[in-house]
Structures are given as structure tokens and as C-alpha cells.
Amino acid sequence: MDHNGNRHTMNKLLRILRHCWIDESDVRRAISADALARIGAQVANSERAHSGEFRVCIEAALPLGDLWRGATARKRAIAMFSTLRAWDTEHNNGVLIYLLFADRCIEIVADRGLAQRVPASTWRNISDGLGTAFKAGDYEHGLLGAVDQVGAVLAKHFPAAPTDPNPNELPNEPDVR
């Protein structure tokens, strides 16, 4: 095995160890129950201004099988988009803000109704801002800012009509696992 092969194997093993070491309690120490409640309330407040739905998912670490197969945060975010039913909205305008704590990765997944209207650079900019807040250890304010930004995108493209019903199709509380 050459030097690059050794490095790849070592990086894979270090990633697996990091994911085995970090669990949901680490997330809950970094983001308090009160902060999670405030984030959920912010999601609910945002959803009054648009017909979109979105979820926040914070996952401490990947399952071992996913790690062994070399799953990326993006692939896991897409899987969680499905698991949390963010794709299952009336107007195909669901959004998932996904955080993979062990890898310090942030992904935003938008359903096809938004993907047709919003360039990928918009989601990258929101992710970058969230990443900056996380590097400073400011998880709550970073997430609140991201919720506001995603809400503004949804309000621009899917504003709530005052005469139409605006049902809450998905839970507002962040999903922590």
C-alpha cells in the first residue's frame, strides 16, 4: 500500500473513532433543551409567513454501517430528508437543515419545488454563515439565523396567502439523534 493508501485508511479509522466517541449527550451539552425549544419556536414563527415546511436535524454521529461504507454528510442529509418526511409537503417546498456534529458538517436539502427556484449558492451561503457561528461555539444563534434565512427564502417563493389555510405539516422541534 502506498503512502496515500495508508493516509486514507488512517483517516477512515480516525473518522470512525470520532463517530464512536460522540453521542447525543454531546449535542445536548452544546445545545441546551431551552435553546432547542427556542429554535423550534422560531421555526413555527417562520412558517406563519410562508407555505413551506422545514426541519432542523442535529445528528451526533453516523451509524457504524454508514461510516464503514464511507457515507458523506450530504448522503446522510438526503436520507434524513426522507426519514423526517421533509419531502412530503403539499407544495414540494420542504427544507432540511442538517448538522452532523462529529464531522462538523452542515447540509441544507431543499425539495424540488424550491430547487427549481433557488440556486444552490443560496443554500451554501446559509450553510457558511451557520458554520462560522459553529466555529465560534455559538450553536443557538447560528441555528436561529439559519432558520430566519431559510424562512426568508421560503417567504419569497411561497408566501402565505391570507385567505388560504396554512397547515403545519411537519413538527417544528429540532430532531436530535
Side-chain angles (χ1 to χ4, degrees), residues 15 19 22-24 27-28 30-31 35-37 39-131 133-134 139-140 142-160 166-177:
R15 183 178 188 224
H19 280 257
I22 294 175
D23 65 17
E24 186 179 328
V27 172
R28 293 193 183 276
I31 309 170
L36 291 169
I39 293 162
Q42 190 75 5
V43 168
N45 186 52
S46 168
E47 288 181 350
R48 290 185 191 99
H50 53 77
S51 66
E53 292 285 328
F54 64 96
R55 297 292 315 265
V56 174
C57 178
I58 306 164
E59 192 163 34
L62 293 175
L64 191 55
D66 287 350
L67 278 171
W68 194 251
R69 286 186 297 277
T72 63
R74 183 72 183 171
K75 285 183 181 178
R76 183 64 177 178
I78 292 168
M80 293 309 298
F81 183 80
S82 175
T83 298
L84 297 174
R85 302 185 63 84
W87 59 269
D88 193 19
T89 61
E90 183 178 348
H91 301 290
N92 297 314
N93 58 357
V95 176
L96 174 69
I97 299 172
Y98 175 80
L99 314 172
L100 180 53
F101 218 69
D103 285 346
R104 299 176 185 231
C105 289
I106 301 159
E107 295 289 340
I108 298 177
V109 180
D111 205 347
R112 61 189 173 273
L114 276 166
Q116 298 168 352
R117 301 173 188 210
V118 180
S121 61
T122 298
W123 306 121
R124 265 193 313 278
N125 289 338
I126 295 170
S127 292
D128 289 348
L130 188 51
F134 281 8
Y139 300 100
E140 179 181 359
L143 281 165
L144 289 171
V147 166
D148 286 344
Q149 291 176 303
V150 168
V153 170
L154 285 164
K156 176 181 177 184
H157 295 284
F158 293 94
N166 190 5
N168 190 16
E169 299 177 72
L170 300 172
N172 298 321
E173 307 79 30
D175 181 88
V176 178
R177 36 183 89 218

Pairwise distance CG(N92) to CG(D111) - rounded to 0.5 angstrom: 4.5 Å
Would the distance check show the side chain of S127 and the main-chain N or O of W123 forming a donor-acceptor pair, the cut-off being under 3.5 Å? yes
Do any N or O atoms from the side chain of W87 and from the backbone of S82 form a donor-acceptor pair under 3.5 angstrom? yes
R124: partners by side-chain hydrogen bond (donor to acceptor under 3.5 Å, both in side chains), with sequence neighbours left out: none
Does anything in residues 66-82 form a salt bridge (charged side-chain N to carboxylate O under 4.0 Å, His left out)? List the pairs, not counting sequence neighbours. E59-R76, D66-R69, D66-R76, R74-E107
Worked verdict on N172 versus I39 for side chain to side chain contact (heavy atoms under 4.5 Å, CB included): CA-CA 8 Å; N172 298 321; I39 293 162; over 6 Å; no
Give a yes or no answer on whether the side chain of R55 reaches the backbone of E173 with a donor-acceptor pair at less than 3.5 Å. yes
Does the H19 side chain pair with the main chain of A61, one donor and one acceptor, at a distance under 3.5 Å? no
Measure the shortest side-chain to side-chain distance between V109 and V95 over non-hydrogen atoms and say whether it is less than 4.5 angstrom. no
Compare every heavy atom of A155 with every heavy atom of A49, then report the nearest pair and how far apart it is. O-CB, 3.9 Å
Side-chain contact, heavy-atom cut-off 4.5 Å: F54 with L96? no
Do the side chain of H50 and the main chain of G52 share a donor and acceptor less than 3.5 angstrom apart? yes
Could you tell me if the side chain of V56 sits less than 4.5 Å from the side chain of L36, heavy atoms only? no
Check V147, I97, I108 against I126 for a side chain to side chain contact (heavy atoms under 4.5 Å, CB included) and give me the one that passes. I108
Partner of C57 by side chain to side chain contact (heavy atoms under 4.5 Å, CB included), out of D175, L100, L99, T83: D175
If you look only at pairs with a residue in residues 143-155, which of them pass as a salt bridge (charged side-chain N to carboxylate O under 4.0 Å, His left out), with sequence neighbours excluded? none
Would you name the heavy atoms of R15 and T72 that are closest together and state the gap between them? NH2-CA, 4.5 Å
Can a donor-acceptor pair be found, under 3.5 Å and without considering hydrogens, that links the side chain of E53 to the backbone of G94? no
Who passes side-chain hydrogen bond (donor to acceptor under 3.5 Å, both in side chains) against R117, sequence neighbours left out? none
Taking all heavy atoms of S46 and all of G151, pick out the closest pair and write down the distance. OG-CA, 3.2 Å
Looking at Y139 versus F101, is the centre-to-centre ring distance below 6.0 Å? yes
Shortest non-hydrogen pair, A86 vs L170, comes out as CA-CD1, 3.8 Å
Apply the side-chain hydrogen bond (donor to acceptor under 3.5 Å, both in side chains) test between N45 and each candidate in Q42, R48, E47; give the one that qualifies. R48
Does any non-hydrogen side-chain atom of F134 lie less than 4.5 Å from one of I106? yes
How long is the straight-line distance from CG of N93 back to CG of L114, given to the nearest 0.5 Å? 5.5 Å
What residue pairs, at least two apart or across chains, pass salt bridge (charged side-chain N to carboxylate O under 4.0 Å, His left out) with a residue in residues 151-160? none
A160 meets the side chain to side chain contact (heavy atoms under 4.5 Å, CB included) criterion, sequence neighbours left out, with N166
